[in-house]
Amino acid sequence: MSVSTIEIKVRGYHVDLYGHVNNARYLEFIEEARWAFAEDTLDLAAWQEKGIGFSIVNITINYRKPAFMGDVLKIRTKLAKLGNASGTIRHEIFLKGTDSLVLDADVTFVMVDAQTGKAIPIKGEIRGMFERLAGLAS
């Protein structure tokens, strides 16, 4: 199973009036983590050449505890689920050096035909690649 990990230090512009990371910033943090995961595991240029892209269709976030300016967050990202037409990427954010879970999120995506923008099934070569990432391949 392929897991990508990045770290983000909480800066002053990440926090809100209450001094903790603003909820909307977590969307940016997990997007940064997804890009790192994609860069680590996929040949994005090859997918572009094939006319295939990704589209996010749902994000479920569970805020577990606040993070504050100066905290260093460790974000783990992995492909958690693969269906016929969609997949789910799992993000977990911890305070660095602890098991203290700040947030977990499931991001559901579909594969799309870049010309039509319509969802396409996850099959063949694409499915095999995702199964290897998720540790599902035999």
Side-chain angles (χ1 to χ4, degrees):
M1 174 184 309
S2 185
V3 177
S4 177
T5 302
I6 67 166
E7 293 180 2
I8 293 178
K9 183 173 183 175
V10 177
R11 307 286 184 193
Y13 64 92
H14 294 140
V15 300
D16 59 18
L17 179 65
Y18 305 107
H20 56 66
V21 175
N22 181 277
N23 68 83
R25 289 292 182 173
Y26 286 111
L27 286 169
E28 295 171 353
F29 293 172
I30 64 175
E31 182 174 17
E32 179 68 25
R34 268 193 317 284
W35 273 101
F37 179 72
E39 290 169 346
D40 289 347
T41 59
L42 304 174
D43 182 350
L44 295 175
W47 288 60
Q48 247 182 338
E49 286 176 19
K50 292 179 183 183
I52 299 171
F54 296 86
S55 185
I56 303 300
V57 295
N58 187 51
I59 300 177
T60 302
I61 298 177
N62 297 300
Y63 301 96
R64 304 296 183 179
K65 77 178 281 175
F68 300 93
M69 189 169 71
D71 287 344
V72 177
L73 305 177
K74 182 176 176 180
I75 306 173
R76 290 194 311 223
T77 302
K78 66 181 179 180
L79 179 62
K81 182 179 173 187
L82 187 62
N84 293 324
S86 66
T88 302
I89 296 172
R90 177 77 170 174
H91 296 285
E92 294 174 319
I93 301 179
F94 296 89
L95 290 176
K96 183 180 178 181
T98 75
D99 290 332
S100 186
L101 183 64
V102 172
L103 174 145
D104 56 85
D106 289 321
V107 178
T108 303
F109 67 90
V110 295
M111 303 301 302
V112 294
D113 178 301
Q115 288 187 342
T116 66
K118 296 198 184 280
I120 58 175
I122 301 173
K123 61 182 183 179
E125 176 188 348
I126 296 170
R127 182 166 203 85
M129 185 271 314
F130 280 130
E131 286 176 345
R132 285 186 297 281
L133 281 178
L136 302 172
S138 45

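Note that the structure is a prediction, hence the values are computed from the model and not measured.
Two residues are said to be in side-chain contact when any heavy atoms from C-beta on lie closer than 4.5 Å; Val107 and Glu31 fail this criterion. Annotation: side chain of Phe37 is not in contact with side chain of His91 (no heavy-atom distance under 4.5 Å). No side-chain heavy atom of Phe109 sits under 4.5 Å from any side-chain heavy atom of Arg34. At a threshold of 4.5 Å between non-hydrogen side-chain atoms, the residues Ile93 and Ile8 do not count as touching. Using a 4.5 Å cut-off on side-chain heavy atoms (C-beta onward), His20 and Tyr63 make no contact. Using a 4.5 Å heavy-atom threshold, the side chains of Arg64 and Leu103 count as separate.
A donor-acceptor pair is defined here as one N or O able to donate and one able to accept, closer than 3.5 Å; no such pair exists between the side chain of Arg76 and the backbone of Ile6.
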Could you list the donor-acceptor pairs under 3.5 angstrom formed between side-chain atoms of residues 54-62 and any protein atom two or more places apart in sequence or on another chain?
residue	atom	partner	partner atom	Å
Asn58	ND2	Thr60	OG1	3.4
Asn62	ND2	Asp104	OD1	2.8

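In this structure, CG in Leu73 is found 6.5 Å from CG in Leu95, a value given to the nearest 0.5 Å.
Look at Arg25 and Glu28 and you find a salt bridge, because one of the NZ, NE, NH1 or NH2 atoms lies within 4.0 Å of a carboxylate O, short of that distance.
By the criterion of side-chain heavy atoms lying less than 4.5 angstrom apart, applied directly or through intervening Ile, Leu, Val, Met, Phe, Trp or Tyr residues, Val72 is not grouped with Val15; the two fall into different hydrophobic clusters.
For residues 93-102, every residue pair satisfying the side chain to side chain donor-acceptor pair (under 3.5 Å) rule, not counting sequence neighbours, is listed here: Glu7-Lys96, Lys65-Ser100.
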